[in-house]
Amino acid sequence: MRRLAVLLLTSLLACAHKSAGEPIELRRETVKEEQAEVALELAYAPKGARQVEITLKMQVIGLVETNKLVVDMFVQGFNIEDGHTRWDGFVLPRQPQTFRVLLSIPEDREEATAKLSLVRSNDSHPLLREELSFRVGEDGVVKPQ
């Protein structure tokens with residue numbers, strides 16, 4: 001009986017830990033960037049009271065590297081806790097890139113918005129545009145609206 005209780009407690013703690021900070025996928029797609037094909041995965045993860053981490057993973061499919069790409073994030077109602085709101089660079093085969101920024105909603109607000117765009121640097125051709133709206137729940141966890 002004791003063994004069953006320990007197993008049950010371990011399972012419950014694992015589930016609680018996973019929901020507290022594991023990324024939750026918002027969008028997954030593959031885009032064509034001139035000669036390269038890029039797999040994109042946009043996700044968010046609650047990271048404690050009033051905080052959320054937004055990530056954009058980029059990985060080339062095949063052996064052709066991308067042109068220079070630019071990720072920009074414009075925030076309204078968020079404080080930037082860690083990371084940068086701009087990334088630029090190339091995505092090479094077998095060398096995925098991850099754009100990551102940790103945001104928080106200040107105590108005097110309950111909602112915030114982040115606009116994310118991925119464009120080709122040389123001609124500003126859009127590969128991804130997404131507007132993400134978040135709200136602080138009663139438990140202090142930041143969730144999409």
Side-chain angles (χ1 to χ4, degrees), residues 6-145:
V6 170
L7 183 59
L8 182 60
L9 181 60
T10 304
S11 297
L12 288 172
L13 288 174
C15 290
H17 175 70
K18 184 174 182 178
S19 64
E22 291 295 316
I24 299 165
E25 187 177 297
L26 294 168
R27 185 171 175 179
R28 178 187 297 250
E29 66 182 83
T30 302
V31 296
K32 186 79 169 154
E33 188 282 314
E34 283 196 356
Q35 302 301 315
E37 195 171 358
V38 184
L40 304 174
E41 182 183 318
L42 179 62
Y44 80 96
K47 292 290 185 178
R50 306 184 75 83
Q51 292 189 335
V52 64
E53 182 179 69
I54 298 174
T55 58
L56 176 63
K57 293 181 180 180
M58 301 165 278
Q59 182 171 359
V60 167
I61 298 171
L63 299 175
V64 179
E65 73 180 61
T66 66
N67 289 297
K68 189 172 187 179
L69 303 178
V70 178
V71 177
D72 276 314
M73 179 181 282
F74 301 96
V75 297
Q76 183 175 5
F78 277 116
N79 290 332
I80 300 163
E81 299 295 330
D82 191 29
H84 301 280
T85 57
R86 184 177 176 88
W87 173 91
D88 62 66
F90 301 88
V91 183
L92 305 174
R94 294 183 293 280
Q95 293 184 15
Q97 298 292 319
T98 301
F99 168 81
R100 177 177 280 116
V101 64
L102 179 64
L103 305 168
S104 67
I105 299 178
E107 291 292 329
D108 62 337
R109 299 187 66 112
E110 295 303 314
E111 299 177 359
T113 304
K115 294 179 183 177
L116 185 113
S117 69
L118 172 65
V119 299
R120 197 168 42 221
S121 176
N122 63 350
D123 61 2
S124 297
H125 176 75
L127 301 172
L128 175 73
R129 291 193 191 278
E130 191 75 32
E131 183 171 332
L132 307 170
S133 297
F134 291 92
R135 174 181 258 316
V136 178
E138 290 179 20
D139 55 359
V141 176
V142 178
K143 300 173 185 171
Q145 283 187 313

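- Closest heavy-atom contact between Val142 and Tyr44: O-CE1, 4.2 Å.
- The number of heavy atoms from other shown groups lying within 6.0 Å of CD (Gln35) does not exceed 12.
- Between the side chain of Arg50 and the main chain of Ile105, a donor-acceptor pair closer than 3.5 Å is present.
- The shortest side-chain heavy-atom distance between Asn122 and Lys68 does not fall under the 4.5 Å cut-off.
- For the pair Leu127 and Val38, the minimum side-chain heavy-atom distance is 4.5 Å or more.
- Residues Met73 and Leu56 form no side-chain contact, since every pair of their non-hydrogen atoms from C-beta on lies 4.5 Å or further apart.
- Put simply, the side chain of Val101 does not reach to within 4.5 Å of the side chain of Phe78, judged on heavy atoms.
- Inter-residue side-chain proximity for Val52 and Val141 is flagged as unmet; no heavy-atom pair is nearer than 4.5 Å.
- One N or O on the side chain of Thr66 and one on the backbone of Val91 form a donor-acceptor pair closer than 3.5 Å.
- Between Ile24 atom CD1 and Glu53 atom CD the span is 12.0 Å, to the nearest 0.5 Å.
- For the residue pair Glu37/Thr30, the side-chain donor-acceptor check at 3.5 Å is not satisfied.
- The heavy-atom pair separating Phe99 from Thr85 by the smallest distance is CE1-C, 4.0 Å.
- In this structure, the side chain of Glu33 engages the main chain of Asn67 through a donor-acceptor pair within 3.5 Å.
- Using a 4.5 Å heavy-atom cutoff, the side chains of Ser133 and Thr113 are in contact.
- In this structure, Arg94 does not pair ionically with Glu65, as no charged nitrogen and carboxylate oxygen lie closer than 4.0 Å.
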